[in-house]
Amino acid sequence: MKRMKNRFKNIQKKIIEMIKKIKKDHLIKEYFKNNVLFITFVLTCVLNSTILRFFCMSTLENYLSWKAVLADLTVTIIIGSFGYFIKAKNRFSYYLTLDIILTAICMINSVYYTFYTSFASISMLSLTQYIGDVGDAVVENVIQLKDLIYIIGPLILIITHYKLKKKNYYKKIEVKSERKKKALKTLGLGGALAAIFLITMTSLDVTRFIKQWNKEYIVMRFGIYVYQINDVIISLQPKINSMFGYDKANKQFQEYFADKKEVKTNEYTNIFEGKNVLVIHGESMQTNAMSLQFNGQPVTPNLNKLASEGMFFSNYYSQVSVGTSSDTELTFNTSLMPTKSGTAFVSYSDRTYISTPSLLKEKGYYTFSMHANNADFWNRRAMHKSLGYNRFFSKSDYKVTQDNIIGLGLSDKEFFAQSIPKIEKINQENENWYGLLIMLSNHTPFSDVEKYGEFPVDIKETVTKEDGTTEEVVYPYMEGTKLGNYFKSIHYADSALGDFIKQLDEKGLLDNTVIVLYGDHDGRLPRSDYNRLYNYDKETDSILEKTDPNYKEYDSYQYELGRKVPLIIWTKDMEKQGLNQEITNVMGMYDAMPTLGNMFGFYNEYQLGHDIFNIKDKNIVVFSNGNWVTNKVYYNSQKGEYLSLSNEAISEEEIKENSIYANKLLDVSNNIIVFDLLNKKNKEDVMLQYTKKGN
Ligand code: GP9
Ligand code: MN
């Protein structure tokens with residue numbers, strides 16, 4: 001004990017002596033004087049990363065997180081240390097190059113965050129050819145002044161460099177023999193900071209870091225640079241992943257499905273057997289638009305009509321990840337979740353999928369998909385084959401001219417009109433068919449306003465003046481906002497849908513057909529616009545003060561839960577049969593296949609979702625970022641917080657169990673795709689093992 005005390009005293013003494021020496025010799029001042037460029041580089045990069053967190057993370061604790069600052073310092077000091085191997089006069093180019101790269105990372109993520117409320121992934125780079133098409137939309141709508149602020153970093157570095165050059169600074173500080181020493185010392189400092197960082201990591205930090213899907217958490221704890229480096233490594237993993245860990249993945253997969261007990265029948269079993277299916281992929285259609293009207297005009301009269309005449313699932317969620325439209329197509333048709341990195345459509349199109357089209361094909365259906373966009377967008381050309389479509393009608397099958405384009409491509413009205421003869425032909429040639437029609441016009445940024453047709457989103461009021469005459473007063477309300485434009489856009493898409501149903505009916509194509517319509521994901525609309533929608537003060541043409549008794553807070557939870565999309569199952573005579581109803585139990589895109597399977601008489605033994613008519617109020621919807629929702633509670637795994645949705649008490653146990661379930665489901669789903677666990681050989685292996693076990 002005494003020895004320990006002495007040792008401690010010695011260390012203390014040494015530190016005090018060191019501090020005195022540093023003070024006496026003005027070492028800090030000297031260090032700053034001799035390393036101006038390096039310090040400027042480090043500080044500007046740390047500043048940029050902090051600014052990014054400031055714009056993306058709402059709380060002070062998040063953007064000033066010392067862990068993130070420490071991580072940024074560590075990364076920049078380590079990569080900056082190599083600059084000392086270079087001659088002083090040439091060092092600037094090295095730092096400037098790095099500064100530009102790191103600034104670009106901040107800028108890209110800043111733009112990306114505004115658009116997707118998430119951070120960018122290198123795996124999206126392989127998708128740039130698809131993004132290119134929406135690129136203009138992004139630039140037009142998303143790049144804001146705040147995204148340009150990061151340029152200040154390299155600018156400061158450039159200005160500093162020229163000032164130093166003028167003073168002949170580089171010649172003065174150049175000591176050739178010192179270069180290597182300095183580089184190693186700086187690297188050592190970076191290493192020491194990295195060690196401190198690693199020691200302070202919690203087990204939660206470690207697991208989230210490895211999984212990488214909780215991007216906000218990683219950026220908050222590790223800073224943007226560590227996130228991006230980790231992302232590169234993780235993105236390379238699909239290739240590496242499928243090389244290692246197969247046995248473990250296969251074992252977990254077998255156990256998962258061996259444990260699964262499912263009720264397979266209910267009152268809806270086989271009600272649609274032998275009927276054709278027309279699936280309509282409603283681009284960016286959100287459920288909340290369906291309950292709104294402007295000046296007495298509903299935003300989506302046709303959707304509303306289908307919903308009231310058919311089965312309307314009003315608490316239905318999209319479960320997309322970075323693959324947006326394509327992820328929904330995957331989940332809807334296979335009851336699997338999007339992959340953890342990359343997208344199934346792009347990275348894993350060569351895997352085996354058990355899908356609705358492939359199961360219906362086994363029942364003799366002709367299967368097709370139609371989308372008037374480039375066939376390679378989201379790699380559909382390859383993936384639609386893997387999903388079991390006999391034929392994919394894409395852009396080259398449609399007449400697309402300058403006059404019939406809205407937003408990203410052929411307008412929905414024109415798309416539907418040109419699809420009818422194709423469907424008619426298929427109907428004539430085949431006993432049964434399954435078709436998917438992917439809409440396009442209602443795509444962000446919803447700026448082709450003049451092409452959507454008249455649908456004012458203002459408030460018009462008729463006022464009687466003192467002299468008895470009347471006057472119309474117009475308040476701008478949602479006019480000119482992105483959400484307002486979205487309403488105009490979805491109104492257009494809704495009207496295209498209405499026309500389409502009418503035309504199908506005229507051709508007799510609805511007589512033996514079930515229409516299944518889903519919204520593929522939300523429209524990624526700004527929360528501030530919802531605040532205007534719910535808190536508009538027409539007298540001042542502004543948003544009510546938060547202190548106003550009428551102010552309705554549209555908080556982040558309401559926003560997340562408000563991203564619901566419609567699912568409607570409709571036939572011409574459903575209403576007459578008394579089958580029309582609203583189903584309010586919470587339901588996800590992965591429950592569509594099991595629910596429809598029961599109605600059409602097919603079954604996927606490897607489905608992750610459930611038939612909603614069997615699981616009812618016990619259902620749980622898992623999101624690809626690990627969040628989940630039940631009828632009772634919504635859990636945000638990034639924040640580790642939950643929101644109660646009913647009056648029932650929520651126990652910590654329940655949160656824990658559901659989170660374990662969610663993580664397992666995501667793991668199993670990801671493994672199925674990455675390791676191609678559904679391929680024939682694998683299924684045979686599994687069967688063989690069971691037979692052996694049975695013996
Ligand atoms: C592209 C269309 C839109 O063809 O489906 O895709 P998204 O941008 O919504 O993923
Ligand atoms: Mn989409």
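For ligands, and for the atoms within them, numbers begin at 1 and follow the listed sequence. One is the number of the first residue; the rest follow in order along the sequence.
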- Query: How open is the angle at the Mn ion (ligand 2) from atom NE2 of His521 over to atom OE2 of Glu283, rounded to 10 degrees?
  - Reply: 90°
- Item | ring pair (Phe, Tyr, Trp, His ring centres under 6.0 Å) assessment of Tyr434 paired with Phe600 | CA-CA 11 Å; Tyr434 171 96; Phe600 283 90; 8.2 Å; no
Which of the listed options, [options], holds the heavy atom that is closest to [atom]?
| atom | options | answer |
| --- | --- | --- |
| atom 2 (C) of ligand 1 | Leu440, Thr444, Thr328, Asn374 | Leu440 |
| atom 5 (O) of ligand 1 | Arg380, Met439, His281 | Arg380 |
| atom 10 (O) of ligand 1 | Val322, Asn373, Thr324 | Thr324 |

- Message: With respect to the Mn ion (ligand 2), please indicate if Ser325 possesses an N, O or S atom at a distance under 2.8 Å.
- Response: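 Yes, since at least one N, O or S atom of Ser325 sits under 2.8 Å from the Mn ion (ligand 2).
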- So, is His443 placed with an N/O/S atom under 2.8 Å from the Mn ion (ligand 2), counting both backbone and side chain?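 Given the 2.8 Å cut-off, His443 does not count as a ligand of the Mn ion (ligand 2).
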- Message: Suppose we only allow N, O or S atoms; which atom of Asp520 ends up nearest to the Mn ion (ligand 2)?
- Response: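 Sorting the N, O and S atoms of Asp520 by distance to the Mn ion (ligand 2) puts OD2 first.
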- Item | Audit row: His384, Phe345, side chain to side chain contact (heavy atoms under 4.5 Å, CB included) steps and yes/no | CA-CA 9 Å; His384 277 203; Phe345 265 52; 4.1 Å; yes
- Check ligand 1 against His521 and write out every atom of the ligand that is under 4.0 Å from a heavy-atom position of the residue.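 Listed by number with element, the hits are 9 (O).
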- Verdict with reasoning, Tyr112 to Phe119, per ring pair (Phe, Tyr, Trp, His ring centres under 6.0 Å): CA-CA 6 Å; Tyr112 194 88; Phe119 293 98; 8.5 Å; no
- Message: Can you confirm, on distance only, whether ligand 1 has an N/O atom lying under 3.5 Å from any N/O atom belonging to Ser325?
- Response: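 Yes, there is a polar N/O contact under 3.5 Å.
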- Message: Less than 4.0 angstrom from a charged side-chain N to a carboxylate O is my criterion; do Arg527 and Glu560 meet it?
- Response: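 A salt bridge is absent here (no side-chain N lies under 4.0 Å from a carboxylate O).
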